[in-house]
Amino acid sequence: MEECMHARPGGRFDPGMTEGSCPVCGAGVGAAPGEPVAMHQQAGSLNTCPGSGQPAT
């Protein structure tokens with residue numbers, strides 16, 4: 001069985017190891033490039049980032 005390249009020791013998924021980032025704020029979003037960005041907030045803001053749902057870069 002192939003091991004996921006995003007697996008941490010112990011077999012847990014680590015979204016911080018994905019390459020994609022938000023096209024608006026640049027945050028690491030746990031999505032591969034081209035995949036939809038998860039809902040998140042820009043650093044220091046309580047509002048949802050407008051990059052949420054857009055393809056990760």
Side-chain angles (χ1 to χ4, degrees):
M1 176 182 235
E2 249 182 75
E3 185 172 331
C4 175
M5 67 179 190
H6 302 118
R8 289 178 39 188
R12 297 184 70 179
F13 176 74
D14 183 356
M17 293 182 71
T18 56
E19 303 86 25
S21 60
C22 175
V24 174
C25 71
V29 292
E35 294 294 316
V37 170
M39 285 189 112
H40 64 285
Q41 296 172 325
Q42 289 179 302
S45 173
L46 297 178
N47 298 322
T48 301
C49 177
S52 299
Q54 295 184 22
T57 56

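When reading the values below, keep in mind they use all heavy atoms of this one structure, side chains included, and skip hydrogens, waters and symmetry mates.
- Here the closest heavy-atom approach between residue Pro55 and residue Gly34 is recorded as CB-O, 3.8 Å.
- Between Gly20 and Pro33, the closest heavy-atom pair is N-CD, 3.9 Å.
- The shortest non-hydrogen separation linking Ala31 to Pro36 is CB-O, 3.6 Å.
- Taking the side chain as every heavy atom from C-beta outward, Cys25 and His40 approach each other to under 4.5 Å.
- When each of Ser52, Cys49, Cys22 is tested with Gln42 by the rule side chain to side chain contact (heavy atoms under 4.5 Å, CB included), just one qualifies, namely Cys49.
- Taking all atoms of both residues into account, the shortest heavy-atom contact from Gly26 to Ser21 is O-CB, 3.7 Å.
- Counting heavy atoms from C-beta outward, Pro23 and Val37 have side chains that approach closer than 4.5 Å.
- Of all heavy-atom pairs between Gln41 and Leu46, the closest is NE2-O, 3.1 Å.
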